[in-house]
Amino acid sequence: MPTVVLMDVSLSMTRPVSQDGSEEFQRKNLAVHGLNMLFEHMASNYRLEFTSLMAFSSLWELLVPFTRDYNALQEALSNLEDYDKTCVESALQGVSNVVQQEWGSACPCQVVLVTDGSLGIGKGSLRHSLQTLKQRGDDKKFPLPFPFPTKLFIMCVANAEELQMTDAMDNLEELLRLSGGDGQIFTMEGPLCMKSVQAMFGRLIDHAYSPFHAVLHCGNLSSDVQVFPRPEPVVIDEEVEPMPRVVSTDLEIVGFIEIADISSPPVISRHLVLPIAVNKEVDEVGTGATDELEEEPSASQMAGKSPNFCVLLHGSLKVEGMVALVQLGPEWYGMLYSQADSKKKSNLMMSIFDPGPEPLPWLGKISHLGPISEAAENPYGEDDSKSPFPVQPQVKRSYAQNVTVWIKASGLQTDVQKILRNARKLPDKTQTFYKELNRLRKAALAFGFWELLKGVAELLERECTLLPDSAHPDAAFQLSHAAQQLKLASTGDSQYAAFDHNIVPMHTDFSS
């Protein structure tokens, strides 16, 4: 999940902070210190994360485009300049432009807004922007909510008491609500100092940038792994009291299945699965001192020589062309598979299915799957010429029925014309006439299309008056009877508008 860091470089960020020592700090210095702490953490634990740095005052500027080079991000922080007043709206518009240009509107993104809580003054201030929300045209819409999924984290280099003295906190909370509410406002606790800003950014790291470590089990084998990016909690809308479901830190492989059988299933998200030993090696290289680096070759050699189940699993899945079904929690599953980035490089990936006992209908319930050895005969055949999937459902699916669908007006017109053609050939086409009439009647009742029933009834009455003198007498009776039944059905009366009720031909004494 890419991250955009939006740094406030307005004049209010240059306000001095009282320190016990002799050195004087500005609020901008505290913010830079906190961001350096965040970038150092991401360089150690989130090296695969793409991060961008933007600065804003009344205008915005992209200082560092999306990159994994955290040294470049820290260098840009050390060269920040001071500008004029705060204008959050233009900065958010800049974030929207940068993210959509790089990632489109489907990729979720995290936005870290670092400011001192000053809203700006006059036109362009956050207060003015929120007050004029309902007075804007379509060409000047407020940039929130973003057109892409986002989490907005607001880092205030100020304590809560200072923000609550004005309406700053209320406006920031409204900004968070407009973004979708999926984020948080962080404020400093206690006096404004380095220790307080470290604690504030530490809370952000724990909330949004803590690595997800888990243990991958397969029988008696296991391996410590990191899942990247961190799996998000999933809320099931169908539940009476929705509770977010989180991926367990114990990932249990329940079986293996061929890629052709699982095909290309719908998934919630995709993640890299990395052995933690590799991450520790990277951490030590990235953060170690000079003395530690001298011992590093031996440590990395030991890590490379020690057997690892995650490496064994990746190689096996790649060679055999199979996937591993993994249990993420109660009645929640995913799959592990090898995905190639190029001809020489591949990664162990994990895709997360929708929660439930039957995430892939063609496999049936995951708990009902078992080893081939327990089957009476090989379900794939002796020469792998057949497959037990897809599992045939016990109940016939609705899409297998012959239902009437009107996507375009031409489809409805065709059905009505078919009824009128048969009406002009009565009584020879009596059975076909009533079959088509009942088909249209059921579709109209299913859609609540009462006006259609009235319209067709009027058409049948008109056809009755236009019958030639040579027409069979029974035709007039059948048309009048059918028109009357359709009018009764259009009233919604339960006796005549029942879905299962069919209009039957009228019995007459005329003979052909």
Side-chain angles (χ1 to χ4, degrees), residues 134 137-138 236-240 242 266 354 356 358 360-362 364 390-512:
K134 298 180 180 179
D138 293 338
I236 305 176
D237 295 334
E238 290 79 7
E239 293 184 355
V240 179
D354 282 312
E358 195 176 352
L360 309 180
W362 60 92
V391 175
Q392 297 299 321
Q394 296 179 353
V395 181
K396 197 171 184 182
R397 300 295 187 188
S398 61
Y399 50 75
Q401 305 292 333
N402 185 19
V403 296
T404 302
V405 179
W406 295 317
I407 298 177
K408 297 181 179 179
S410 57
L412 175 58
Q413 184 179 359
T414 301
D415 286 344
V416 173
Q417 287 175 342
K418 192 182 298 183
I419 293 174
L420 295 179
R421 282 199 304 271
N422 289 312
R424 293 175 187 133
K425 297 179 182 179
L426 290 173
D428 297 336
K429 295 288 186 179
T430 300
Q431 295 301 324
T432 308
F433 170 74
Y434 279 100
K435 177 184 175 182
E436 294 296 331
L437 188 69
N438 282 313
R439 189 169 69 89
L440 180 135
R441 174 186 173 277
K442 284 190 174 184
L445 291 175
F447 299 143
F449 201 170
W450 312 108
E451 295 81 0
L452 175 62
L453 298 176
K454 293 179 183 178
V456 174
E458 292 173 358
L459 285 175
L460 294 180
E461 289 177 343
R462 180 175 178 274
E463 286 295 324
C464 185
T465 60
L466 296 177
L467 286 173
D469 295 337
S470 59
H472 194 284
D474 193 32
F477 284 100
Q478 297 297 344
L479 289 174
S480 299
H481 168 67
Q484 183 185 13
Q485 291 295 316
L486 288 180
K487 284 186 176 180
L488 290 172
S490 68
T491 62
D493 190 329
S494 59
Q495 180 180 356
Y496 300 100
F499 183 78
D500 295 330
H501 174 72
N502 284 322
I503 302 175
V504 296
M506 182 180 184
H507 295 286
T508 62
D509 296 332
F510 296 101
S511 61
S512 56

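Because the structure is predicted, anything quoted here is derived from the model rather than measured. What's counted below: heavy atoms across the whole structure, side chains too, no hydrogens, waters or symmetry copies.
For the pair Ala498 and Arg441, the tightest heavy-atom approach, listed with the atom from each and the gap, is O-NH2, 2.9 Å. Across Trp450 and Ala489, no two heavy atoms sit closer than the pair CZ3-O, 3.6 Å. Summarising the geometry of Tyr434 relative to Ile503, their closest heavy-atom pair is CD2-O, 3.5 Å, with the distance given to 0.1 Å. Between Glu358 and Gly364, the shortest heavy-atom contact is CG-O, 3.4 Å. Between Ala483 and Glu461 the shortest heavy-atom distance is CB-CG, 3.7 Å.
Counting only heavy atoms from C-beta outward, the side chains of His501 and Gln485 approach each other to under 4.5 Å. You'll find the side chain of Leu452 stays beyond 4.5 Å of the side chain of Ser490, heavy atoms only. With a 4.5 Å cut-off on side-chain heavy atoms, Arg439 and Asp415 count as touching. With a 4.5 Å cut-off on side-chain heavy atoms, Asn422 and Leu437 do not count as touching. For the pair Lys442 and Thr404, the minimum side-chain heavy-atom distance is 4.5 Å or more. Side-chain atoms of Val416 and Leu440, non-hydrogen and from C-beta on, do get closer than 4.5 Å to each other.
The structure places CG of Leu467 at 12.0 Å from NE2 of His472, a figure rounded to the nearest 0.5 Å. With rounding to the nearest 0.5 Å, the separation of CG in Leu479 from CZ in Arg424 is 10.5 Å. Atom CD1 of Ile419 sits about 11.5 Å away from atom OG1 of Thr414, to the nearest 0.5 Å. Interatomic distance, CG of Leu460 versus CZ of Arg462, reported as 11.5 Å (0.5 Å rounding).
Between the side chain of His481 and the main chain of Val504, a donor-acceptor pair closer than 3.5 Å is present. At distances below 3.5 Å, not a single donor-acceptor pair connects side-chain atoms of Ser480 with backbone N or O atoms of Phe477. Between the side chain of Thr432 and the main chain of Lys429, no donor-acceptor pair closer than 3.5 Å is present.
In this structure, Trp406 and Phe449 have perpendicular ring planes: the angle between them is above 60°, well past the 30° mark.
Here Glu436 does not pair with Arg421 in a salt bridge; the nearest charged N to carboxylate O distance is not below 4.0 Å.
Enclosure of atom CD1 in Ile407 is not indicated, since only 12 or fewer non-hydrogen atoms of other residues, nucleotides or ligands lie within 6.0 angstrom.
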